[in-house]
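Given the structure is predicted, the values throughout are model-derived calculations rather than measurements. Quick note on labels: first sequence line is chain A, next is B, and so on, each numbered from 1.
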2 protein chains.
Amino acid sequence: MADSGRGPRERMVFSAAQLIRRGGVTATSMRDVVAHARAPRGSLQHYFPGGKDQLVNEAVDWAGRYAAKRIARFLGEMPEPSPSGLFAAMVRQWTDEYETVGFASGCPVAAATADCAESTESTRTAAAAAFACWRRPVAEALTEMGVPSQRAESLATLMISTLEGAILMARAERDAGALTTVARELAPVLDGAVTRRR
Amino acid sequence: MADSGRGPRERMVFSAAQLIRRGGVTATSMRDVVAHARAPRGSLQHYFPGGKDQLVNEAVDWAGRYAAKRIARFLGEMPEPSPSGLFAAMVRQWTDEYETVGFASGCPVAAATADCAESTESTRTAAAAAFACWRRPVAEALTEMGVPSQRAESLATLMISTLEGAILMARAERDAGALTTVARELAPVLDGAVTRRR
DNA sequence: CGCCGCCTATGACGCGCGTCATAGTAGCGG
DNA sequence: CCGCTACTATGACGCGCGTCATAGGCGGCG
């Protein structure tokens, strides 16, 4: 969450993701992005000759990779990993944010999907890639914990779907209750899928 | 899904919901709405003096009530109701749509939340109300099936969250797989919550 | 120095938006 | 026929958008 990535280009992509998280793709203007990134406006057409689409797609891309990296981080921080523990960590990231800085932002991939899935093929593809990029480490972690690999894929899909939906609901209600609820309710089915001891 | 509600006013609200489903709130213009509803443009300021916000809020409202009514309908169609059966029906509504007319549209409440939760308080409130309106009959149905009422509330939240997330994923990937997956994986935990025979 | 890449600066263009102002029409009770 | 209310019609306004065109600075290398 550092305010500045190294180069101005990185900062713009990061800022785009940040703004898309808040208000959606359509409501995020390129002028807003350069202002938020404290970047020169002239750099837009230099770094992103593909226009807004390119910027948005890279922001979605970045978000997918970021989510994937978080999974690895969560696993590293867990003394004894379990499926429910991983999901709890994923959920906690959001409850923490909502409790500390408020309910201003959702998931940029979700916003991009809702806004662009029909209008902009390339962004839809980017969102699909982001989901896949996010799901992979989750599924791998589950198999590592002893979940059969096919089942792990399904559960990864379940975890991310449920998380995304709960984020939406929590934001609408300005109450993180939905997040904690789904974490609690999903725990047994996740842990129940472990067939071999690690 | 009838193309025309009775009055022009109803048609406009319905069309707004329809367009928001596709491209989000910000990308949906009021001129688009009247065109889609084949309604006179002059009627906008007559029926919706509150401007776009009012129109959007009523569309979200409509969507919430529509979802709630569908739950009642599903229950009526099920010979022997079960939690997993209800969830399967909710999911099937979306897989059916995606298989027949394509992945153009998502959930209007989700889109409104992603686009307006931060920018427009009234719409955020409308979305929260829509979720609540949708959740109530689900929870009631679960208690009717023998789920303890507090648990039923939690499971209703889980079902709707998971469904919303799976809709997003399916739309991004243009593949209803996520929907069928979550229906399958959630079934046991839902049915396992029934403590008394009906 | 001179030149040439990279990056930045800035103003303009055309468009579509939400909103407003003003006027017009239809039906109907008096 | 009048007048009133409900609804429709239409053009204008101001704004912010994405994009483009053009013109710089500016550091390094021959």
Side-chain angles (χ1 to χ4, degrees), chain A residues 4-20 22-60 108 111-112 114-116 118-124 126, chain B residues 4-20 22-60 108 111-112 114-116 118-124 126:
Chain A
S4 58
R6 284 221 314 270
R9 211 199 115 103
E10 272 181 310
R11 285 208 315 275
M12 283 189 268
V13 172
F14 174 79
S15 289
Q18 202 79 354
L19 294 177
I20 290 168
R22 291 206 221 296
V25 172
T26 321
T28 297
S29 79
M30 309 195 70
R31 286 163 168 92
D32 287 345
V33 172
V34 293
H36 183 274
R38 276 190 226 35
R41 196 188 125 203
S43 300
L44 267 177
Q45 62 186 306
H46 181 73
Y47 289 119
F48 306 95
K52 187 177 184 179
D53 288 356
Q54 182 185 355
L55 179 55
V56 169
N57 294 352
E58 293 201 22
V60 170
D115 281 358
C116 307
E118 186 57 14
S119 61
T120 315
E121 244 303 282
S122 64
T123 303
R124 200 221 89 222
Chain B
S4 58
R6 284 221 313 270
R9 209 197 117 103
E10 272 181 310
R11 285 210 313 276
M12 283 189 267
V13 172
F14 173 80
S15 290
Q18 202 78 354
L19 295 178
I20 289 169
R22 291 205 220 298
V25 172
T26 321
T28 297
S29 79
M30 310 195 71
R31 286 163 168 92
D32 287 345
V33 172
V34 293
H36 184 274
R38 275 192 227 33
R41 197 189 123 200
S43 301
L44 267 176
Q45 63 187 303
H46 181 73
Y47 289 119
F48 306 95
K52 187 177 184 179
D53 288 356
Q54 184 185 354
L55 178 55
V56 169
N57 294 351
E58 293 201 23
V60 169
D115 281 358
C116 308
E118 185 58 13
S119 61
T120 316
E121 244 305 280
S122 64
T123 304
R124 200 221 90 220

Expressed in angstrom and rounded to an integer, what is the separation of [X] atom [atom1] from [N] atom [atom2]?
{"X": "B:L55", "N": "C:dG18", "atom1": "CG", "atom2": "P", "value": "10 Å"}
{"X": "A:M30", "N": "D:dC20", "atom1": "CE", "atom2": "P", "value": "11 Å"}
{"X": "B:R11", "N": "D:dT8", "atom1": "CZ", "atom2": "C1'", "value": "13 Å"}
{"X": "B:F48", "N": "D:dA6", "atom1": "CZ", "atom2": "P", "value": "17 Å"}
{"X": "B:Y47", "N": "D:dT8", "atom1": "OH", "atom2": "C1'", "value": "9 Å"}
{"X": "B:Q45", "N": "D:dA6", "atom1": "CD", "atom2": "P", "value": "15 Å"}
{"X": "B:L44", "N": "C:dC20", "atom1": "CG", "atom2": "P", "value": "12 Å"}
{"X": "B:R31", "N": "C:dC15", "atom1": "CZ", "atom2": "C1'", "value": "11 Å"}

Can you check whether B:F48 reaches B:R9 side chain to side chain, under 4.5 Å on heavy atoms?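 Side chain of B:F48 against side chain of B:R9, heavy atoms only: contact under 4.5 Å found.
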
With DNA chain C as reference, determine whether A:R41 or A:H46 sits nearer its 5' end, using the nearest nucleotide of each.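 Closer to the 5' end of DNA chain C: A:H46.
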
Touch check for B:T26, heavy atoms < 4.0 angstrom, all strands: base, sugar-phosphate only, or nothing?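 No contact at all - B:T26 keeps every heavy atom at 4.0 Å or more from the nucleic acid.
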
OP1 or OP2 of C:dC7 under 4.0 Å from side-chain N/O of A:S43: no

Answer yes if the side chains of A:S122 and A:N57 hold a donor-acceptor pair under 3.5 Å, and no otherwise.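 A donor-acceptor contact under 3.5 Å links the two side chains.
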
Under 3.5 Å, is there a donor-acceptor pair between the side chain of B:R22 and the main chain of A:E118?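 Pair absent, no side-chain N/O of B:R22 close to backbone of A:E118.
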
Do the side chain of B:D115 and the main chain of B:V25 share a donor and acceptor less than 3.5 angstrom apart?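 Confirmed, B:D115 side chain pairs with B:V25 backbone.
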
On DNA chain D, does the nearest nucleotide to A:A27 precede the nearest nucleotide to A:P49 from the 5' side, or the other way round? Give the residue.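 On the 5' side of the pair lies A:A27.
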
